[in-house]
**Student:** 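Have a look at the structure that comes next, please.
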Number of protein chains: 2
Amino acid sequence: MSDLLERLRGRGWRMTAQRRVVAEVLDGEHVHLTADEVHARAVAKLPEISRATVYNTLGELVSLGEVLEVSTDQRAKRYDPNAHQPHHHLVCAQCGAIRDVHPVGNPLADLPDSERFGFRVSDVEVTYRGVCPNCAAA
Amino acid sequence: MSDLLERLRGRGWRMTAQRRVVAEVLDGEHVHLTADEVHARAVAKLPEISRATVYNTLGELVSLGEVLEVSTDQRAKRYDPNAHQPHHHLVCAQCGAIRDVHPVGNPLADLPDSERFGFRVSDVEVTYRGVCPNCAAA
DNA sequence: TGCTTGCTTTAGACAATGTCTATTGTAGGA
DNA sequence: TCCTACAATAGACATTGTCTAAAGCAAGCA
């Protein structure tokens with residue numbers, strides 16, 4: 001994640017303890033935390049960090065394209081640090097577990113012109129739903 | 001939409017003025033209202049209907065499979081009465097307009113076993129994003 | 001090193017969306 | 001027509017996110 005910090009510094013981001021902590025919390029594979037979860041983990045590392053700062057920082061990371069915002073349920077948004085490799089999501093309908101997945105094919109090509117209603121279509125988001133091994137066993 | 005009312009009555013749904021009004025509001029093609037919008041339109045027809053009743057009724061319609069819940073933005077859920085024909089959505093990134101679309105192909109088949117992480121995958125939701133003709137012209 | 005400046009953080013109020021509860025109302029069958 | 005169980009109501013409450021005004025501090029510069 002120090003790559004990320006370097007990139008951000010290079011873009012003129014003022015480095016603060018709070019921002020460093022948020023970036024650290026978001027490190028890893030298959031990480032999809034809500035803002036509140038990010039806040040909870042950030043507080044564990046830096047007790048005086050405020051909720052507003054976490055929201056601000058997440059918003060900035062999204063604007064900079066370093067983190068993706070995904071809404072796999074209709075509750076809180078989740079933040080996905082795996083922004084540099086295009087991917088979709090597979091969600092457990094029971095426990096909410098999320099995995100990054102890479103389907104074959106290009107869904108954008110699967111939308112015929114006749115189904116585009118004159119839109120300039122630029123992006124597609126695919127969410128698979130199912131039951132994870134843990135929940136299936138239970 | 002009287003089809004819907006008939007089906008519901010057949011399932012033992014107790015018919016009330018409130019439920020009829022909610023069902024009427026949801027009639028049509030490319031209808032994707034938020035709960036609040038449904039409430040506003042319902043109030044226009046039946047001023048004393050309460051917010052809780054609208055939420056309850058929408059929830060019941062979703063449970064019965066008569067209406068789909070879609071979250072195309074991360075704000076309010078939207079309710080789609082077109083539940084009996086599988087489809088996906090195309091959303092304008094600027095104004096939020098939504099169209100029902102029917103891509104060719106089956107995205108479920110595009111997810112290799114190696115990308116299923118042991119999940120039993122049963123469903124897929126595809127959201128296309130772009131700019132609608134109106135917004136492109138502006 | 002020690003200013004200075006403007007960006008950043010903070011606490012908490014506020015807003016939007018959704019859920020729950022206790023009470024009152026009523027649809028539909030006996 | 002009456003009863004009873006289901007439905008509707010008002011409003012409190014919960015969750016998630018946004019905004020504001022004041023205080024703090026990173027980083028450039030003397």
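Order of the sequence lines fixes the chain letters, A, B, ..., with proteins taken first and strands second; residue numbering starts at 1 for each chain. Just so it is clear, the model here is predicted, and its values are computed rather than measured. Computed over heavy atoms, backbone and side chain alike; hydrogens, waters and symmetry mates excluded.
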**Student:** What parts of residues 40-52 of chain A reach DNA chain D, counting only heavy atoms under 4.0 Å away?
**Tutor:** A:Arg51, A:Ala52
**Student:** Starting from P on C:dT21, measure out to OH on B:Tyr55 and report it in whole angstrom.
**Tutor:** 17 Å
**Student:** Are more than 12 heavy atoms from other residues, nucleotides or ligands located less than 6.0 Å from atom CG of B:Asp123?
**Tutor:** yes
**Student:** Side chain of A:Ala76 only, heavy atoms from C-beta on: which candidate in C:dT17, C:dT10, D:dT16 is closest?
**Tutor:** D:dT16
**Student:** All N/O contacts under 3.5 Å from nucleotides 27-30 of chain D to the protein, with atom names and distances to one decimal?
**Tutor:**
residue: D:dA27; atom: OP1; partner: A:Met15; partner atom: N; Å: 3.2

**Student:** Are any of B:Gln18's side-chain N or O atoms less than 4.0 Å away from OP1 or OP2 of D:dT9?
**Tutor:** yes
**Student:** What salt bridge (Lys or Arg N to Asp or Glu O under 4.0 Å) pairs are there with at least one residue in residues 42-52 of chain B, not counting sequence neighbours?
**Tutor:** B:Glu24-B:Lys45
**Student:** Taking the six-membered ring for Trp, are B:His30 and A:Phe117 parallel (under 30°), tilted (30 to 60°) or perpendicular (over 60°)?
**Tutor:** perpendicular
**Student:** Quick check on DNA chain C: between B:Arg78 and B:Ala17, whose nearest nucleotide comes earlier from the 5' end?
**Tutor:** B:Arg78
**Student:** Kindly point out which of C:dT10, C:dA16, D:dT15 is positioned nearest to the side chain of A:Arg75?
**Tutor:** D:dT15
**Student:** Can you find a heavy atom in the side chain of B:Gln18 that is under 4.5 Å from one in the side chain of B:Val21?
**Tutor:** no
**Student:** In the single-linkage hydrophobic clustering (I, L, V, M, F, W, Y; side-chain heavy atoms under 4.5 Å), do B:Leu26 and B:Leu8 co-cluster?
**Tutor:** yes
